[in-house]
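Okay, so here's the structure we're looking at.
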Amino acid sequence: DPAGGGDSTDLSAAVAAAQSGDMLVLMPADYTASTLFLDIQAKALVIAGDPGGTVTLPPLFLTSVPAGGTFVLRHLVFEANSLTGLGDGTVLINNSAGNVHIEDCTIDGFPGGGTFGMATPGRVALRISGNTGAIAIHRSVLSGGVGKSTASFPFTMTQRMPVLSFSGST
């Protein structure tokens, strides 16, 4: 709880201290101001937002959930930011042998930009790459970022990016 009501006020420190099998319950707050992204490697955790309010998180890079483990994301909102491009998506699940469950979450892709012949593409909400475990998405909303045309002014074509991208085994 960033307001001080929980065991930790710092999300990154709480994630770093957590061990596989732990559950982190996040109090309603916008965690994007204090944390640019979450990088979680080789852990099987449950990260759940308190259902009494909105828990807004930055991009998540989840790597190497261990075989036999399950990583759960529940009651969370993930917002894209300028670092979304590092994982080429707001939530990246990469090289995980364990299972991942996304439940009651909202994940927004990063919008592209473009002016006068220069364009950057939008980013997907969820990218899944090189996984061998199962991934389940329940009651969640994923929105791809809007891409921009590379055409020069006065054209204003836009293209919606996909919400989900797979590569490798899934």
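Between Phe61 and Phe37, the ring planes are tilted. Angles from 30° to 60° get that label.
Qualifying side-chain contact (heavy atoms from CB on, under 4.5 Å) partners for Thr63, counting only residues two or more places apart in sequence or in other chains: Gln41, Asn94.
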Task: Worked verdict on Tyr31 versus Val55 for side chain to side chain contact (heavy atoms under 4.5 Å, CB included) - done: CA-CA 7 Å; Tyr31 293 84; Val55 176; 3.7 Å; yes
Open item on the list: Could you go through Ile93 and Leu126, starting from their C-alpha distance and side-chain angles, then the distance that decides it, and tell me whether this counts as side chain to side chain contact (heavy atoms under 4.5 Å, CB included)?
Closed with: CA-CA 8 Å; Ile93 303 170; Leu126 175 62; 3.9 Å; yes
- [ ] Apply the test side chain to side chain contact (heavy atoms under 4.5 Å, CB included) to residues Asp7 and Asp1: give CA-CA distance (whole Å), side-chain angles for both, the deciding distance (0.1 Å), then the verdict.
- [x] CA-CA 7 Å; Asp7 295 328; Asp1 183 358; over 6 Å; no
- [ ] List the steps and the verdict of side chain to side chain contact (heavy atoms under 4.5 Å, CB included) for Leu62 and Val91.
- [x] CA-CA 8 Å; Leu62 178 59; Val91 173; 5.9 Å; no
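In terms of heavy atoms, Pro66 sits closest to Ala42 at CD-C, 3.9 Å. Between Gln19 and Leu45 the shortest heavy-atom distance is O-CD2, 3.1 Å. Between Ala44 and Gly69 the shortest heavy-atom distance is CB-CA, 3.9 Å.
To the nearest 0.5 angstrom, Phe71 atom CZ is 12.0 Å from Ile135 atom CD1. In this structure, the separation between CZ on Arg139 and NE2 on His75 is 7.5 Å, given to the nearest 0.5 Å. A distance of 7.0 Å separates CG in Leu92 from OG in Ser129, rounded to the nearest 0.5 Å. Atoms CG and SG, on Leu76 and Cys105 in that order, are 4.5 Å from each other to the nearest 0.5 Å. Here OG of Ser64 is found 5.5 Å from CG of Asn95. Values are rounded to the nearest 0.5 Å. Separation of atoms CD1 (Ile137) and CG (Leu142) is listed at 5.5 Å; rounding is to 0.5 Å.
Of the possible donor and acceptor atoms, one in the side chain of Lys43 sits under 3.5 Å from a partner among the backbone N and O of Ala16. The backbone N or O of Gly98 lies less than 3.5 Å from no partner atom in the side chain of Ser96, so there is not a single donor-acceptor pair.
Residues Ile107 and Val141 form no side-chain contact, since every pair of their non-hydrogen atoms from C-beta on lies 4.5 Å or further apart. The side-chain heavy atoms of Phe78 and Asp108, taken from C-beta on, include no pair separated by under 4.5 Å. Inter-residue side-chain proximity for Leu26 and Leu11 is flagged as met; some heavy-atom pair is nearer than 4.5 Å. Between Glu103 and Leu73 there is no side-chain heavy-atom pair separated by less than 4.5 Å. Between Thr70 and Val100 there is no side-chain heavy-atom pair separated by less than 4.5 Å.
Grouping Ile, Leu, Val, Met, Phe, Trp and Tyr by side-chain contacts under 4.5 Å, direct or through others, puts Met23 with Val25, Val46, Val72.
A donor atom on one side chain and an acceptor atom on the other are found under 3.5 Å apart for Thr32 and Asp30.
Under a hydrophobic-cluster definition in which Ile, Leu, Val, Met, Phe, Trp and Tyr are linked whenever side-chain heavy atoms come within less than 4.5 Å, directly or via other members, Val77 and Leu24 are assigned to different clusters.
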